[in-house]
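Residue numbering restarts at 1 for every chain, and letters A, B, ... go by the order of the sequence lines. Atoms considered below: every heavy atom in the structure, side chains included; atoms not considered: hydrogens, waters and symmetry mates.
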Protein chains: 2
Amino acid sequence: MNTLTNRQKEIFDFIKLKISNEGYPPTRMEISEFFGFKSPNAAEDHLKALKKKGFIDILSGTSRGISLSVHDDSIPLIGLVSAGSPMLAEENVEKRIPALPISSHGIDYYLRVKGDSMIDVGIFDNDLIAVNKDLKVKKNTIVIARIDDDVTVKTLIEISNNKVVLKAENKDYDDIVINPKKVNLNFEGTCVGLIRNIS
Amino acid sequence: MNTLTNRQKEIFDFIKLKISNEGYPPTRMEISEFFGFKSPNAAEDHLKALKKKGFIDILSGTSRGISLSVHDDSIPLIGLVSAGSPMLAEENVEKRIPALPISSHGIDYYLRVKGDSMIDVGIFDNDLIAVNKDLKVKKNTIVIARIDDDVTVKTLIEISNNKVVLKAENKDYDDIVINPKKVNLNFEGTCVGLIRNIS
DNA sequence: CTAAATACTGTATATAATTACAGTATGAAT
DNA sequence: ATTCATACTGTAATTATATACAGTATTTAG
């Protein structure tokens with residue numbers, strides 16, 4: 001239903017390319033010229049198909065009145081995480097914000113930090129940390145861990161089959177020592193960046 | 001010559017807004033309608049002025065053929081500041097990076113922090129701080145100060161006609177106490193945000 | 001003091017662009 | 001078997017749009 005045919009995907013990609021390169025969407029004629037159509041109506045038909053499938057919006061009577069419906073260059077910002085729900089579940093998404101290339105790693109989402117357990121490495125209450133969920137978690141990096149539905153940000157300092165140590169970067173807090181065989185432990189990702197709004 | 005008049009800035013901002021909201025630039029008529037012009041030629045004149053000043057490009061014979069010249073939505077990143085040169089002088093600009101809306105205040109530039117004098121407020125060596133240069137500097141905010149050509153980031157804790165106290169947020173450093181009548185002191189801006197890349 | 005730049009109104013026109021209608025041909029779905 | 005979606009050609013008309021030319025008034029720079 002909302003899957004594009006190969007040809008439609010080519011058209012859609014061309015529209016995206018045009019917007020990215022020129023700063024505005026193509027006309028029917030420009031599409032036709034690029035693909036070698038001899039009639040602008042070929043492009044018109046494709047646009048109608050793309051609209052029907054929800055990939056673009058068309059403003060009637062408007063030149064270049066094409067807008068992309070699914071401009072997925074935004075990244076979810078996760079606020080409080082409901083117990084048991086996946087990190088990126090809709091209920092956890094506070095809002096979506098534009099992809100900010102602040103890190104040398106890919107960013108899957110931002111997570112709003114609660115509490116002061118990481119102030120010694122400069123992560124404060126209410127900061128946003130950029131999270132990459134695919135990086136292999138490594139010792140001495142800051143990880144996002146889920147311990148029995150509880151999401152926490154800590155430095156991973158030891159990891160083996162029967163012992164994981166998560167360190168709070170604040171002398172008022174104790175290390176968290178876990179036996180992953182006994183406790184439900186998941187790594188949600190690695191912290192690859194930080195954003196703070198000082199208001 | 002490359003500074004816009006207030007009116008031209010309004011036009012330019014409207015074009016940016018349109019592109020951001022609709023996904024394509026406005027026509028002369030749409031500009032005229034928004035500003036209440038009775039002739040599309042008023043918009044035409046403004047576009048020509050914007051082009052002349054290098055803020056937009058116009059493709060002749062092309063509907064909505066307005067594209068923003070790149071330099072505008074990027075913000076300079078200031079690395080090391082040469083003694084005596086204005087903050088935004090070309091020689092200080094490490095590179096330009098896309099405007100990242102990380103702060104509730106406007107951002108004029110990013111400044112790469114050197115040293116650990118502000119670690120107690122979570123500003124670390126090599127972090128980028130977002131700087132607003134127009135906010136009135138206030139007590140208990142983090143300011144960018146220039147003391148005799150030396151640029152420093154500190155918390156302003158006292159300010160009067162003959163005494164200014166700048167506090168390093170690190171117990172290993174002493175406060176900087178200055179008599180602004182005797183020492184050349186300038187406030188370059190206020191820290192309104194922070195970006196860190198954890199690699 | 002004068003020319004140029006700014007900020008418009010008002011009219012007009014060529015052309016850029018949308019978009020409907022009428023077809024043809026092929027493959028997939030009911 | 002026949003309708004529907006896909007993927008086009010070909011023509012044409014209305015309207016959307018760019019843009020030139022002729023003005024006026026005010027402000028700014030040399």
Within this structure, what is the [atom1]-to-[atom2] distance between [X] and [N], rounded to whole angstrom?
X       : N      : atom1 : atom2 : result
B:Asp57 : D:dA18 : CG    : C1'   : 16 Å
B:Arg28 : C:dA7  : CZ    : C1'   : 17 Å
A:Glu44 : D:dG10 : CD    : P     : 18 Å
B:Leu59 : C:dA16 : CG    : C1'   : 13 Å
A:Ile58 : C:dT19 : CD1   : C1'   : 10 Å
A:Lys38 : D:dA12 : NZ    : C1'   : 19 Å
A:Met29 : C:dT15 : CE    : P     : 15 Å
B:Asn6  : C:dT6  : CG    : P     : 13 Å

From the list [options], which nucleotide is the closest neighbour of the side chain of [X]?
X       : options               : value
A:Lys53 : D:dT17, C:dT18, D:dT6 : D:dT6
A:Thr5  : C:dT9, D:dC8, D:dT6   : D:dT6
A:Pro40 : D:dA12, C:dA5, D:dT9  : D:dA12
A:Gln8  : D:dT19, D:dA7, C:dT19 : D:dA7
B:Ser63 : C:dA5, D:dT9, C:dA16  : C:dA16
B:Arg7  : D:dT9, C:dG10, C:dA7  : C:dA7

(message) Going by the rule side-chain contact (heavy atoms from CB on, under 4.5 Å), which residues pair with A:Leu156 if we only count those two or more places apart in sequence or in a different chain?
(response)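 Per chain and number, A:Leu156 pairs via side-chain contact (heavy atoms from CB on, under 4.5 Å) with A:Val137, A:Val143, A:Ile159, A:Val164, A:Leu166, A:Phe187.
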(request) Between B:Arg64 and B:Ile11, just flag the one whose closest nucleotide in DNA chain C comes earlier from the 5' side. (result) B:Ile11
(request) Output, in order, the C-alpha distance, side-chain angles, deciding distance and verdict of salt bridge (charged side-chain N to carboxylate O under 4.0 Å, His left out) for A:Arg28 and A:Glu30. (result) CA-CA 6 Å; A:Arg28 276 69 168 166; A:Glu30 286 166 2; over 6 Å; no
[N] OP1/OP2 closer than 4.0 Å to side-chain N/O of [X]:
X       : N      : answer
A:Lys9  : D:dT6  : no
B:His46 : C:dC8  : yes
A:Ser60 : C:dT19 : yes

(request) Tell me, with the steps shown, if A:Phe12 and A:Phe55 meet ring-ring contact (aromatic ring centres under 6.0 Å, His included). (result) CA-CA 8 Å; A:Phe12 184 65; A:Phe55 282 73; 5.5 Å; yes
(message) Checking side-chain polar atoms at under 3.5 Å, does B:Lys182 have a donor or acceptor matched by the opposite partner on B:Asn162?
(response)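 Checked: B:Lys182/B:Asn162 side chains show no N/O donor-acceptor pair below 3.5 Å.
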(request) Return yes if a side-chain donor-acceptor contact under 3.5 Å exists between A:Ser32 and A:Lys38, otherwise no. (result) no
(message) Taking CG in B:Asp134 as the centre, count heavy atoms belonging to other residues, nucleotides or ligands within less than 6.0 Å. Is the count above 12?
(response)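 Yes, CG of B:Asp134 has more than 12 neighbouring heavy atoms, counting only those of other groups under 6.0 Å.
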(message) Is it true that, when you exclude A:Lys167 itself, more than 12 heavy atoms of the residues, nucleotides or ligands shown sit nearer than 6.0 Å to its NZ?
(response)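 No.
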(request) Answer with base, sugar-phosphate or nothing: what part of the nucleic acid does B:Ser39 contact at a heavy-atom distance below 4.0 Å? (result)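 Since a base atom lies under 4.0 Å of B:Ser39, the category is base.
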(request) Check the pair A:Asp13 / A:Lys9 against salt bridge (charged side-chain N to carboxylate O under 4.0 Å, His left out), numbers first and verdict last. (result) CA-CA 6 Å; A:Asp13 287 343; A:Lys9 187 164 180 353; 3.0 Å; yes
Detail all sub-3.5 Å separations between protein N/O atoms and N/O atoms belonging to nucleotides 22-29 of chain C.
from   : atom 1 : to      : atom 2 : distance (Å)
C:dA22 : N6     : A:Asn41 : ND2    : 3.4

